[in-house]
Each structure stands twice: as C-alpha cells, then as structure tokens.
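Accompanying notes for the structure given below.
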Amino acid sequence: QVQVVESGGGLAHPGGSLRLSCAASRTMFTIYSMGWYRQAPGKERELVASITSSGSAYYGDSVKGRFTISRDSAKNTVYLQMNSLKPEDTAVYYCFCNAVSRGNYWGQGTQVTVSS
C-alpha cells in the first residue's frame, strides 16, 4: 500500500495564501497522479487540482488562476500553492495518490479555513 501524508493547512484571511504539501512514501506501485479533493460541510466533494507523473495539471473551475499545483516526482511529493483565498475555499482538503491499476490512496486530511 501507499502511505500518503499531507500538511500545510491552517487559517488564512481572504486574499491570503497557504501552501499544502503531500507526500507518498514507500510507494509500492507506480503513481499516475496526485492531487487534492476538498469537502466542506453540506457540500459535495470537489476535485481541486491534480497533476500526473508527466506533469499534466488539472484545476477545478473554482480555483483556476488562484491555485497552482506542482510536483517533485523523485520524492513522490506534490504541492498546492493557494493564493487569493476566499471564504468558500474553507474545507477539509484530502490529498490523494492514484496508483496505476490500484486506485486511490488518501491522506488524513487537513483543514483550511479562510475567514476575516
């Protein structure tokens, strides 16, 4: 199995920034993509951003132009730079690691709160 550990959540003011990191350690299988979903109370889980091992990035419409995902493939680590944060970005962010032919492995979640 894959161990997925994420960090970097916290409190930010509207317009502020946070950076999340997620590392897949002791990976047994080939990783296809990594990224984050988020879930806020009363809302459906939303794909925030993902990046493949080849560097192809995807962003949800609500975060395009504000968030940037990057990777360090050698370390199986991804980073999510979140700028221009809005209150609606408040959620628990769950990192995922998608292993080829094995599906998703999940991080423990990290709380992001954007509030005045």
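It should be emphasised that the depicted structure is a prediction, and the values quoted were computed from it without experimental measurement.
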Task: Candidate pair I51 and V78, rule side chain to side chain contact (heavy atoms under 4.5 Å, CB included), full reasoning - done: CA-CA 8 Å; I51 189 165; V78 293; 3.7 Å; yes

Task: Heavy-atom pair with the smallest gap, counting every atom of S73 and S53 - done: OG-O, 3.9 Å

Task: Distance-only side-chain donor-acceptor flag, T52 / S54, under 3.5 Å - done: yes

TODO: Rounded to the nearest 0.5 Å, what's the gap from CG on L20 to CH2 on W36? Could you check?
DONE: 5.5 Å

Task: Residue pair T110 / V92, side-chain heavy-atom distance below 4.5 Å - done: no

TODO: For the pair K64 and D61, find out whether any cationic side-chain nitrogen is under 4.0 Å from an anionic carboxylate oxygen.
DONE: yes

Task: Donor on one side chain, acceptor on other, R45 and Y37, under 3.5 Å - done: no

TODO: Could you check whether the rings of Y93 and F67 sit parallel, tilted or perpendicular, using 30° and 60° as the cut-offs?
DONE: tilted

TODO: Please determine, by modelled atom types, if T90 and T113 share a side-chain donor-acceptor pair under 3.5 angstrom.
DONE: no

- [ ] Say whether, by atom type as modelled, one donor and one acceptor occur between the side chain of Q108 and the main chain of E6 under 3.5 angstrom.
- [x] yes

Task: Minimum heavy-atom distance I31-A24, with the two atoms named - done: CD1-CB, 3.9 Å

Open item on the list: Membership question, hydrophobic clusters at under 4.5 Å side-chain separation (ILVMFWY): are V63 and L85 in the same one?
Closed with: yes

Task: Any side-chain heavy-atom pair of P87 and S115 under 4.5 Å - done: no

Task: Between OG on residue S7 and CZ on residue R19, distance to nearest 0.5 Å - done: 9.0 Å

Open item on the list: Between S17 and N83, do the side chains contain a donor N or O and an acceptor N or O under 3.5 Å apart?
Closed with: yes

Task: Test item: N104 and W106 side chains (from C-beta on) under 4.5 Å apart, heavy atoms - done: yes

Open item on the list: Same cluster or not: Y59 versus L18, using hydrophobic residues (I, L, V, M, F, W, Y) connected whenever any side-chain heavy atoms lie under 4.5 Å apart?
Closed with: yes

TODO: May I ask you to test the V112-R38 pair for a side-chain heavy-atom distance under 4.5 Å?
DONE: no

Open item on the list: To the nearest 0.5 Å, what is the distance between NZ on K86 and OG on S62?
Closed with: 8.0 Å

Task: Distance (rounded to the nearest 0.5 Å) between S33 OG and I69 CD1 - done: 9.0 Å

TODO: Report yes or no: is the SG-SG distance between C22 and C97 under 2.5 Å?
DONE: no

Task: For the student: nearest non-hydrogen atoms of F96 and A49, plus distance - done: CE2-O, 4.3 Å

TODO: Could you tell me the separation between the CG atom of L47 and the OH atom of Y58, rounded to the nearest 0.5 Å?
DONE: 5.0 Å

Open item on the list: Would a single hydrophobic cluster contain both M82 and Y94, if residues Ile, Leu, Val, Met, Phe, Trp and Tyr are joined by side-chain heavy-atom contacts under 4.5 Å?
Closed with: no

Task: H13 side chain vs V114 backbone, donor-acceptor pair below 3.5 Å - done: no

Open item on the list: Measuring from atom SG of C95 to atom CE of M34, what distance do you get when rounded to the nearest 0.5 angstrom?
Closed with: 4.5 Å

Open item on the list: Run Q3 and S25 through side-chain hydrogen bond (donor to acceptor under 3.5 Å, both in side chains) and show every step you take.
Closed with: CA-CA 5 Å; Q3 182 182 9; S25 62; 3.0 Å; yes

